[in-house]
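Whatever order the structure lists them in is the order used to number ligands and atoms, beginning at 1.
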Amino acid sequence: MGNTVYVIGHRNPDTDSVCSAIAYARLKNMLGETDVRPARAGELNAETSFVLDYFGVPVPELLADATGLDLILVDHSEIGQALPCVEQARVSEVLEHHRIGDLRPPEPILFHSEPVGATATLVGEYYFARSITPAQPIAGILIAAILSDTVGFRSPTTSEKDHNVAARLQPLAGLDVQAFDRRLRRIRTAATLEQSAAAIVGADFKEFRIGDLRLGIAQVEVTGPDALATRKKEILSEMQAVREAQDLSQVILMITDIDAQASDLWVVGECLGAIRRAFGQKDEHAIHLPGCVSRKKQVVPRLEAVLGGK
Ligand code: MN
Ligand code: MN
């Protein structure tokens with residue numbers, strides 16, 4: 001009997017990392033590799049806990065250190081995202097959908113990286129390619145992972161293949177995909193609301209340059225237009241602290257309501273007046289942008305038009 005091979009996703013695991021590991025390990029088991037088991041590199045988030053509980057799938061084993069282990073990596077190929085000491089492990093396969101990372105196993109391995117919306121899409125495709133029908137809970141967690149990573153097929157990373165694989169999994173899972181997507185989003189919002197102001201501002205924070213200005217723009221996804229209203233004072237003062245600490249001209253929080261296809265911008269910084277005049281204000285710090293959900297494609301170009309001459 002060989003060593004146990006653990007299929008594992010990245011640290012700070014998301015639904016795609018955990019569910020892809022479970023489903024890929026299960027596929028290997030069904031193909032006769034009985035010593036393959038799923039694992040995880042950190043605590044589950046609220047969404048993933050709900051998904052495993054909903055489909056009655058056991059939580060994978062938690063690993064803290066990769067030294068000496070046999071691993072298959074899913075959903076990452078960067079050493080910095082991997083289980084600690086991954087360079088002291090034997091990695092036999094990588095299956096993922098990001099840019100190719102810096103992990104360089106010394107031996108030849110199967111390395112499958114493809115620009116699709118979720119690793120779960122590739123795992124689902126592996127099942128179909130081998131004519132193995134995933135059991136109902138496995139089909140369910142794969143759809144959940146695709147919905148999670150693609151934000152219900154709305155993310156610009158979504159590919160044709162994500163749609164196709166999800167459509168083949170749907171009857172096996174017996175799931176109302178749209179209703180389930182709404183449920184996942186409500187869970188993510190509820191989890192966001194429980195976080196500290198620093199975590200909300202820092203979770204998805206990117207810096208942009210417009211002319212001589214350096215702006216920080218954070219984005220958070222919510223359900224309901226006033227989901228963060230009661231936290232506003234605390235979050236604005238956190239944004240101000242980030243602005244001062246990083247010496248930015250502006251810090252903007254983009255609060256996106258996917259159901260309404262709209263965003264509010266909360267703004268602190270020296271160009272608040274100019275931004276408010278250009279976009280029209282909701283109240284002192286907030287701007288409402290109907291039809292606007294993309295930071296990169298919708299908000300940044302409009303800010304460039306307003307602030308570019310400064
Ligand atoms: Mn991931
Ligand atoms: Mn992923």
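- Using a 3.5 Å distance cut-off with no hydrogens or angles, the side chains of Thr15 and Glu47 do pair a donor with an acceptor.
- Atom CD1 in Ile79 sits 10.5 Å away from atom CG in Leu73 (nearest 0.5 Å).
- Salt bridge Glu304/Arg209: absent, no basic N to carboxylate O contact under 4.0 Å.
- Residue contacts to the Mn ion (ligand 2): Asp16 brings an N, O or S atom closer than 2.8 Å.
- Sorting the N, O or S atoms of Asp149 by how far they are from the Mn ion (ligand 2) puts OD2 first.
- Remark: aromatic rings of Phe55 and Phe180 are close, center separation under 6.0 Å.
- By the 6.0 Å and 45° rule, Arg302 does not stack over the aromatic ring of Phe279.
- Among the atoms of His97, an N, O or S atom falls under 2.8 Å of the Mn ion (ligand 2).
- The minimum distance between the Mn ion (ligand 2) and any N, O or S atom of Asp75 involves atom OD1.
- Residue-level check: among N/O/S atoms of Asp14, OD2 sits closest to the Mn ion (ligand 1).
- At a cut-off of 2.8 Å, His10 is counted among the residues with an N, O or S atom near the Mn ion (ligand 1).
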